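Reading through the structure tokens given below for one structure.
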Amino acid sequence: QVQLVESGGGLVEAGGSLRLSCAASGRTFSVYAMGWFRQAPGKEREFVASIAWTSGRTLYADSVKGRLTISRDNAKNTMYLQMNKLKPEDTAVYYCAARSTARSATIPANYDYWGQGTQVTVSS
């Protein structure tokens with residue numbers, strides 16, 4: 001089992017920045033990649049970004065390219081999401097997730113472990 005705990009959410013004005021963290025514990029050696037998803041009220045959970053744990057290869061949703069940056073610190077077993085130039089449409093609960101295989105990074109069902117989520121609210 002892998003346990004994931006997110007932190008760093010909050011309320012920010014449009015154009016502002018936040019950094020989310022996701023601390024992993026447990027059988028972290030089994031993790032192939034991790035990702036961030038978000039879910040706004042009444043909408044499906046959507047892919048934001050992913051990072052391969054060993055290679056560091058990243059993938060982003062088109063809607064966040066150039067504004068959000070995913071990174072990881074292997075020594076701390078922690079993943080980050082630096083969010084800049086935030087927009088009201090970025091408002092959602094953000095979830096971190098981990099998967100043990102090389103399946104598609106953008107599909108939630110391909111992830112084995114999930115955090116509890118952290119709320120990000122961007123005011124206009």
Side-chain angles (χ1 to χ4, degrees):
Q1 291 282 354
V2 175
Q3 294 78 42
L4 303 173
V5 179
E6 302 103 332
S7 61
L11 173 64
V12 64
E13 292 184 350
S17 299
L18 281 175
R19 188 174 83 152
L20 305 183
S21 300
C22 175
S25 61
R27 297 172 60 90
T28 56
F29 59 85
S30 68
V31 172
Y32 173 82
M34 295 182 69
W36 289 98
F37 289 77
R38 66 187 182 187
Q39 189 166 18
K43 295 187 177 181
E44 294 187 352
R45 191 167 298 189
E46 67 170 352
F47 170 75
V48 175
S50 70
I51 186 165
W53 204 245
T54 300
S55 70
R57 182 177 180 182
T58 59
L59 179 69
Y60 294 92
D62 288 342
S63 60
V64 306
K65 283 181 180 177
R67 300 188 300 116
L68 275 57
T69 303
I70 191 171
S71 62
R72 90 276 192 239
D73 184 330
N74 296 55
K76 295 181 178 180
N77 287 328
T78 301
M79 176 179 67
Y80 304 97
L81 185 67
Q82 178 66 44
M83 303 189 293
N84 300 327
K85 300 179 182 178
L86 283 163
K87 304 175 181 180
E89 50 263 45
D90 294 316
T91 295
V93 176
Y94 283 70
Y95 297 91
C96 73
R99 55 191 171 91
S100 56
T101 68
R103 292 173 291 182
S104 172
T106 64
I107 301 174
N110 287 341
Y111 288 76
D112 305 295
Y113 307 101
W114 291 85
Q116 81 286 355
T118 185
Q119 176 71 45
V120 172
T121 303
V122 184
S123 63
S124 57

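In this text the structure is predicted, and so the values were computed from the model without any measurement. Sequence positions, counted from 1, serve as the residue numbers for this chain.
Side-chain atoms of Leu59 and Thr106, non-hydrogen and from C-beta on, do get closer than 4.5 Å to each other. At a threshold of 4.5 Å between non-hydrogen side-chain atoms, the residues Arg67 and Asp90 count as touching. Side-chain contact check for Thr101 versus Tyr32: every heavy-atom pair is 4.5 Å or farther apart.
The structure places OG of Ser50 at 11.0 Å from CE of Met34, a figure rounded to the nearest 0.5 Å. Between the OG atom of Ser71 and the CG atom of Leu81 there is a distance of 8.5 Å, given to the nearest 0.5 Å. With values rounded to the nearest 0.5 angstrom, Ser30 atom OG is found 9.5 Å from Gln1 atom CD.
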Begin from the C-alpha positions of Glu89 and Thr91 and carry the test side-chain hydrogen bond (donor to acceptor under 3.5 Å, both in side chains) through to its verdict.
-> CA-CA 5 Å; Glu89 50 263 45; Thr91 295; over 6 Å; no
side-chain hydrogen bond (donor to acceptor under 3.5 Å, both in side chains) evaluation trace for Asn110 with Ser104 | CA-CA 7 Å; Asn110 287 341; Ser104 172; 4.5 Å; no
Kindly indicate, with the supporting measurements, whether the criterion side-chain contact (heavy atoms from CB on, under 4.5 Å) is fulfilled by Glu6 and Gln116.
-> CA-CA 7 Å; Glu6 302 103 332; Gln116 81 286 355; 2.8 Å; yes
Let me see the working for Leu18 and Leu86 under side-chain contact (heavy atoms from CB on, under 4.5 Å), right down to the final yes or no.
-> CA-CA 8 Å; Leu18 281 175; Leu86 283 163; 4.2 Å; yes
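Among all heavy-atom pairs drawn from Trp36 and Leu20, the shortest one is CH2-CB, 3.7 Å. Taking all atoms of both residues into account, the shortest heavy-atom contact from Val93 to Gly117 is CG1-CA, 3.8 Å. Looking at every heavy atom in both residues, Met83 comes nearest to Val120 through CE-CG2, 3.8 Å. Across Ala24 and Leu4, no two heavy atoms sit closer than the pair CB-CD2, 3.7 Å. The heavy-atom pair separating Trp53 from Val31 by the smallest distance is CB-O, 4.0 Å. Closest approach of Pro88 and Ser124 over heavy atoms only: CG-CB, 3.8 Å.
Side-chain N or O atoms of Arg72 include none that pairs as donor or acceptor with a backbone N or O of Asn74 at under 3.5 Å. The main-chain N or O of Gln39 is never found under 3.5 Å from a side-chain atom of Glu46 such that the two would form a donor-acceptor pair. Judged purely by atom type and a 3.5 angstrom limit, Thr28 has no side-chain atom pairing as donor or acceptor with the backbone of Ser25.
Dense packing is recorded around CZ of Arg103, with more than 12 heavy atoms of other residues, nucleotides or ligands lying under 6.0 Å away.
By the side-chain contact (heavy atoms from CB on, under 4.5 Å) test, Glu13 is found to be paired with Ser123, residues two or more places apart in sequence or in another chain being considered. The ring-ring contact (aromatic ring centres under 6.0 Å, His included) check on Phe37 picks up Phe47, Tyr111, Trp114, with sequence neighbours excluded.
Geometrically, Arg38 does not engage Tyr95 in a cation-pi contact, judged by NZ or CZ lying under 6.0 Å from the ring centre and within 45° of the ring axis.
For residues 75-88, the pairs satisfying side chain to side chain donor-acceptor pair (under 3.5 Å) are Ser17-Asn84, Gln82-Asn84, with sequence neighbours left out.
Clustering ILVMFWY residues whenever any of their side-chain heavy atoms sit less than 4.5 angstrom apart, transitively, puts Tyr60 in the very cluster that holds Ile51.
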